[in-house]
Asks: 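Pasting a structure here, questions to come.
Throughout, a chain's letter reflects where its sequence line sits, starting with A, and its residues are numbered from 1.
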Amino acid sequence: MTNDRFNPHVADARWQNAWDAAQTFATPTETSKPKAYILEMFPYPSGRIHIGHVRNYTMGDVLARYKRMTGHAVLHPMGWDAFGMPAENAAMEKGVHPGGWTRDNIANMKAQLKRIGFALDWGRELATCEPNYYGHEQALFLKLLEAGLVYRKESTVNWDPVDNTVLANEQVIDGRGWRSGALVEKRKLNQWFLRITDFAEDLLAGVQSLDQWPDKVRLMQENWIGKSQGLQLTFNLAGTTEGIDVFTTRPDTLYGASFVAVAADHPLAQRMAENAPELQEFIALCKKGGTTAAELETAEKLGFNTGLSVEHPLDKDWHLPVYVANFVLMDYGTGAVFGCPAHDQRDLDFARKYDLPVRRVVAEVEDDSLTYRGDEAYTGPGRIVNSHFLNGMTIDEAKSAVITRAEQEGWGKGTTVWRLRDWGVSRQRYWGTPIPIIHCDTCGAVPVPDDQLPVTLPEDVTFDTPGNPLDRHPTWKHTPCPSCGKAARRETDTLDTFVDSSWYFLRFASQPDGAPFDREEIARWLPVDQYIGGIEHAILHLLYARFWTRALAHIGLIDVVEPFASLFTQGMVTHQSYSKVSERIEVDGEVTRHQVFTEYLYPSDVDLQTRWREGEAIPQANTAGVSISASFDPVKVIRSGEYLIFPNLLDTGEGVAAGRVEKMSKSKKNVVDPDDIIDQYGADAVRWFMLSDSPPERDLPWSEAGIEGCWRFVQRAWRLVGQVSGAESDDKALTRKMHQTIAAVASDIEALSFNKAVARLYELTGAIEKAAPSAARDEAIRTLILLAAPMIPHLAEEAWAAWGNATLIADAPWPMVDESLLVEDEITIAVQVKGKLRDTITLPADADNAALEAAAIASEKVQAAIAGADIRKVIVVPGRLVNIVI
RNA sequence: GCGGACGUGGCGGAAUGGUAGACGCUACAGACUUAAAAUCUGUUAUCAGAAAUGGUGUGCGGGUUCGAGUCCCGCCGUCCGCACCA
């Protein structure tokens, strides 16, 4: 009945419209079904969906559709992380309004997503740039302020003096603004902060409970939070009442101290520098050093002896010199350290350079002599030596002994130091959530009253001059103080866009008009059952979202503390890149320069027909008759890839190298546009490709051959749809295979092992193709389409309708498994002799061990391998193998 | 430097300690066709052999085990994250 080819250009739109019309994927409101909240990280509306989005959302979509078929109430929403700098950059470059640009992009990208046929509840679509989203965010911000979780303080920012704007750390490249190229200045500004550090302990402890998160991400979160326990102590400056506060995680090594060092921007160093030009120079030198990993690795430990000395807290007569040192950081701990060279590598490097004592206080073996030799610090376990009252203790015992004594004598106390800082959320930008505060000369910073929310962004802004458009808007910021009524000014900073993405998953679950969310609905839907996104959000977004959720729970607005029960981080889609390589020799006076130039090419411009295997002689001319220069050396240009490729565009002295299979990027010219491939192959083939071959957490190499194969599969499946025969005979083997496939595909999808599910479906397809017509075969074809429906939903609907169903396959239940058919009734057993495979034998599945053993020994091949030797032992693994040991 | 992951055919990759290479791609051969495309069939780790079959084989070297791609120890390599974190 349907022997023609499957035509996605007609079918895709037909079923997308049908799902829309039937509201198939609208979230059920009242239901007794178990809930499944499937969420993919929402995109920034840059203008185009890229192929990474397609992979991400296809995975979530398969899971969401599968959950629907298995009887779940599914929430699978989509929205837009719509505030951010690219919109302002577009405004500056193209003279468009950020809002218009963003909303146009959203419209385009939504149309793109619709073409792929995702099972999304578009009724819950949200964009963070709309007042009905960010207004609620402002209300939540004020609730947190009220609860004491928001504060304002002066802090240092990166200031671009040309663009008159604050730069994020990532926008400072080699000390210069990424856009203007101007040297970045440090400026002090009043900024709003969220007290994420109040939750440091909770956030760290919570990581332990996230057993469905990748270990890698949990570890990254733990490291980022960075808990260190130790002693904070004061070294008194000899002859004064002043002291230097120092933090250490190794109070046990206090008797091994030989110096104290402070950071270049430590107040003490700054104060001393006022009258010491040499120190000023040294401080400048410290600040000049680069901050890249390589530079830090090789940077020499440098110090400046201040001439000051401090008293050792355990022996007032023991004085230690005070240095300013380049390796001490002001923004960690107290900005000062004591150096114990024997048991810390940095301190040892420093001590060797400045010829300071190196005292052993932890003995690894029997050597407990005071003088420590060598250039490698000992940081392992051992017993304490040369340390008076600590001698003989373990490191842990000594740590607590020192802390106890410090607390008794009042010169120090046990402390925990965190790497995590409070979250600075002020941005001097237009395109973000306005911070709902009014500054009054009399009343200070006053929250905007509830009934004046949302504070909306003015539309009439200009980007022709640098700086924050909100700040220079003629009227926007002028408003009366809500408290005293006098003239006052609005806060013109906006919130970090990470705030927007820290609670969107709550708004998806519940969208009342007058409140950010409804508590009961949050309780019903949260936590997200499966969150899927890129590894690049492993730290900041996930940490902020966890914090925000905890903070809202803390102030009693919701009852969930961990927003994402299960997290999956998917790999990138990569693509082979090609580059034209030319070799030139430039003679400049005495100097001969040999240079290789690389220019990337579009894969479509490379003629793949003309190839030579690497290692073969390089032909002197390619098919177009263009000669290769004698100096062209392919070894220099081929870094990976097996072939040398000489396209027709070849010029003398040039070759084309197959480059790495790498992340798609415009500069590498290896980008594949989802719209183009959907035009060509339809949504289902593209979806199938996204799920095939590579495990989802790994990178997926895009290839023409691969998508062609997927297209072939779609047509293969479609041919089977037309082969339902109405025959009545059965086919035990095929039925068994079918049930095994149902079970396997279900468990593979639940484990997000889509590549394995796809392989199973290929196997079933092959088995059906080989089988003769029968009722079992008809059923297997119907089952195949049901199992593949979450992955290739358009074809599945088309098949479902072709078979005369008036319903949607999207509403069909997942096929039932007959457990009794999962086991074979005949099994093939491996027979080994001393662990080496010698034969396989086929027996009834219920054969007992004795029968297996007898059959194995009876095998001719086994007898040949034994060659008359005595059998010492026989190991029988039921259903698997027999191993005969001689 | 610290931490983590990974290493299997020409490629992407399968494999609860139990028959390594499922499935896909590529390539080759054949069928159909005037021809091509599409489709179908077969082969495709490697060495020896006409074949049956046998040997070797999961980065390298050891170990545990009746049996190791899988577990343990030590190397080598690739990728990722963090970092003068006191």
Side-chain angles (χ1 to χ4, degrees), chain A residues 5 214-220 222-224 226-228 230-232 246-250 253 261 263 289 291 293 295-302 325-329 331-340 344-347 349-350 417-419 535-536 538-539 574 576 613 641-643 661 688-689 692-695 697-701 703-710 712-713 715-716 719 753 755-766 769 828-841 861 864 872-886:
Chain A
R5 287 160 69 84
D215 288 345
K216 181 186 185 174
V217 176
R218 296 205 292 176
L219 199 70
M220 283 162 78
E222 283 174 1
N223 291 342
W224 189 262
K227 180 179 185 176
S228 296
L231 171 69
Q232 183 164 330
V246 163
F247 174 74
T248 178
T249 56
R250 293 296 301 271
T253 64
T291 52
E295 284 169 318
L296 289 176
E297 186 101 357
T298 52
E300 200 178 1
K301 305 282 175 285
L302 295 177
N326 64 345
F327 66 88
V328 181
L329 305 176
D331 56 5
Y332 186 80
T334 60
V337 299
F338 83 79
C340 173
D344 181 284
Q345 190 60 47
R346 278 172 326 193
D347 296 346
D349 293 346
F350 191 80
V417 165
W418 302 88
R419 190 184 171 281
I535 186 72
E536 67 274 18
I539 297 175
T574 57
Q576 173 101 57
R613 278 181 191 278
E642 189 195 355
Y643 300 111
V661 175
W688 189 253
F689 183 95
S692 302
D693 293 350
S694 289
E697 69 277 11
R698 286 201 218 164
D699 289 351
L700 172 68
S703 74
E704 281 296 318
I707 186 69
E708 293 281 352
C710 294
R712 277 199 295 275
F713 174 76
Q715 297 303 340
R716 260 173 92 188
R719 276 195 298 279
S753 297
N755 56 321
K756 292 189 222 168
V758 163
R760 299 284 190 177
L761 292 171
Y762 271 116
E763 279 188 62
L764 181 59
T765 304
E769 285 170 340
T828 301
I829 299 286
V831 183
Q832 298 178 338
V833 177
K834 290 208 297 186
K836 252 185 188 319
L837 181 72
R838 292 298 172 187
D839 199 4
T840 56
I841 53 177
K861 289 174 190 164
R872 283 170 35 209
K873 197 163 145 191
V874 177
I875 289 148
V876 179
V877 182
R880 283 283 183 183
L881 61 60
V882 178
N883 189 10
I884 296 163
V885 186
I886 55 174

Asks: Round to the nearest Å and state the distance from A/Asn223 atom CG to B/G3 atom C1'.
Replies: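 Those two atoms, CG and C1', are 7 Å apart.
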Asks: With a 4.5 Å limit on heavy-atom distance, are the side chains of A/Phe350 and A/Leu302 in contact?
Replies: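 No. Closest side-chain heavy atoms not under 4.5 Å.
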Asks: Report yes if at least one side-chain N or O of A/Arg719 is closer than 4.0 Å to OP1 or OP2 of B/A38; otherwise report no.
Replies: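 Indeed not, no polar side-chain atom of A/Arg719 lies that close.
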Asks: NA contact type, A/Arg218, heavy-atom cut-off 4.0 Å: base, sugar-phosphate, or nothing?
Replies: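 A/Arg218: no heavy atom of the nucleic acid under 4.0 Å.
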Asks: Given atom CZ of A/Arg5 and atom P of B/A38, what is their separation to the nearest angstrom?
Replies: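 After rounding, the reported distance stands at 9 Å.
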Asks: Can you confirm whether A/Asp347 sits close enough to A/Phe338 that some side-chain heavy atom of one is under 4.5 Å from a side-chain heavy atom of the other?
Replies: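 Contact flag for A/Asp347/A/Phe338 side chains = no.
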Asks: Reading RNA chain B from 5' onward, which residue's closest nucleotide shows up sooner: A/Trp418 or A/Lys861?
Replies: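 The residue closer to the strand's 5' end, by nearest nucleotide, is A/Lys861.
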Asks: On RNA chain B, nearest-nucleotide positions of A/Ala336 versus A/Trp224: which is more 5'?
Replies: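 Of the two residues, A/Trp224 wins.
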Asks: Which letters describe nucleotides 17-25 of chain B, given B = protein heavy atom under 4.0 Å from base, S = only from sugar-phosphate, - = neither?
Replies: -BB--BSSS
Asks: Take atom CG of A/Asp699 and atom P of B/G12, then tell me their distance rounded to the nearest Å.
Replies: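 One finds 12 Å between P of B/G12 and CG of A/Asp699, rounded.
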Asks: For the residue pair A/Gly835 and A/Asn883, what are the closest heavy atoms and their distance?
Replies: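 Closest heavy-atom pair between A/Gly835 and A/Asn883: N-OD1, 2.9 Å.
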Asks: Between B/A86 and B/G12, how many Å separate the two C1' atoms, rounded to a whole number?
Replies: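 Between the two C1' atoms, the distance is 46 Å.
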Asks: Ion pair present between A/Arg716 and A/Glu769, side-chain N to carboxylate O less than 4.0 angstrom?
Replies: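 Yes, this pair counts.
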Asks: I'd like to check the ring pair (Phe, Tyr, Trp, His ring centres under 6.0 Å) partners of A/Tyr332; sequence neighbours left out, ordered by chain and number.
Replies: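 Ring pair (Phe, Tyr, Trp, His ring centres under 6.0 Å) check on A/Tyr332 returns nothing, list empty.
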Asks: Return the value, rounded to whole Å, for the distance between atom CD of A/Glu222 and atom P of B/C85.
Replies: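 Those two atoms, CD and P, are 19 Å apart.
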Asks: Under 4.0 Å, heavy atoms only, any strand: does A/Val417 hit a base, just the sugar-phosphate, or nothing?
Replies: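 The answer is nothing, as A/Val417 stays clear of every strand by at least 4.0 Å.
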Asks: Show your working on side chain to side chain contact (heavy atoms under 4.5 Å, CB included) between A/Val833 and A/Ile886 and close with a plain yes or no.
Replies: CA-CA 8 Å; A/Val833 177; A/Ile886 55 174; 4.3 Å; yes
Asks: Looking only at side-chain atoms of A/Ile539, point me to the closest of B/C82, B/A14, B/A86.
Replies: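 It is B/C82.
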Asks: Roughly how far apart, to the nearest Å, are B/U16 and B/U70 at atom P?
Replies: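 Going atom to atom, P in each nucleotide, I get 13 Å.
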Asks: Mind checking if A/Leu329 touches a base, just sugar-phosphate, or nothing, with heavy atoms under 4.0 Å?
Replies: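 Base: the residue A/Leu329, judged by heavy atoms under 4.0 Å, touches a nucleobase.
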Asks: To the nearest Å, how far apart are A/Arg838 CZ and B/C66 C1'?
Replies: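 After rounding, the gap between these two atoms is 15 Å.
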Asks: Determine if the base of B/G9 is syn or anti; take syn to mean the glycosidic torsion is within 90° of 0.
Replies: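 Nucleotide B/G9 adopts syn.
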Asks: Answer yes or no: does a side-chain N or O of A/Thr249 lie under 4.0 Å from OP1 or OP2 of B/C85?
Replies: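 No.
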Asks: Which is true for A/Arg698 with a 4.0 Å heavy-atom rule: it touches a base, it touches only sugar-phosphate, or it touches nothing?
Replies: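 Since only primed, P, OP1 and OP2 atoms lie under 4.0 Å of A/Arg698, the category is sugar-phosphate.
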Asks: Whether A/Arg346 and A/Asp349 form a salt bridge (side-chain N of Lys/Arg under 4.0 Å from carboxylate O of Asp/Glu) is what I want to check.
Replies: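 A/Arg346 and A/Asp349: not salt-bridged.
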Asks: Report yes if a side-chain nitrogen or oxygen of A/Arg419 is closer than 4.0 Å to either non-bridging phosphate oxygen (OP1 or OP2) of B/A83; otherwise report no.
Replies: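 Answer yes for this pair, as a side-chain N or O of A/Arg419 is under 4.0 Å from OP1 or OP2.
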Asks: Between B/A86 atom P and A/Asp347 atom CG, what is the distance in whole Å?
Replies: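 These atoms are roughly 11 Å apart.
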Asks: Below 4.0 angstrom from OP1 or OP2 of B/C79, is there any side-chain N or O of A/Lys216?
Replies: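 The answer is no; no side-chain N or O of A/Lys216 sits under 4.0 Å from OP1 or OP2.
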Asks: When you compare the side chain of A/Thr828 with that of A/Ile841, does any pair of heavy atoms fall below 4.5 Å?
Replies: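 They are not in contact (no side-chain heavy atoms under 4.5 Å apart), so the answer is no.
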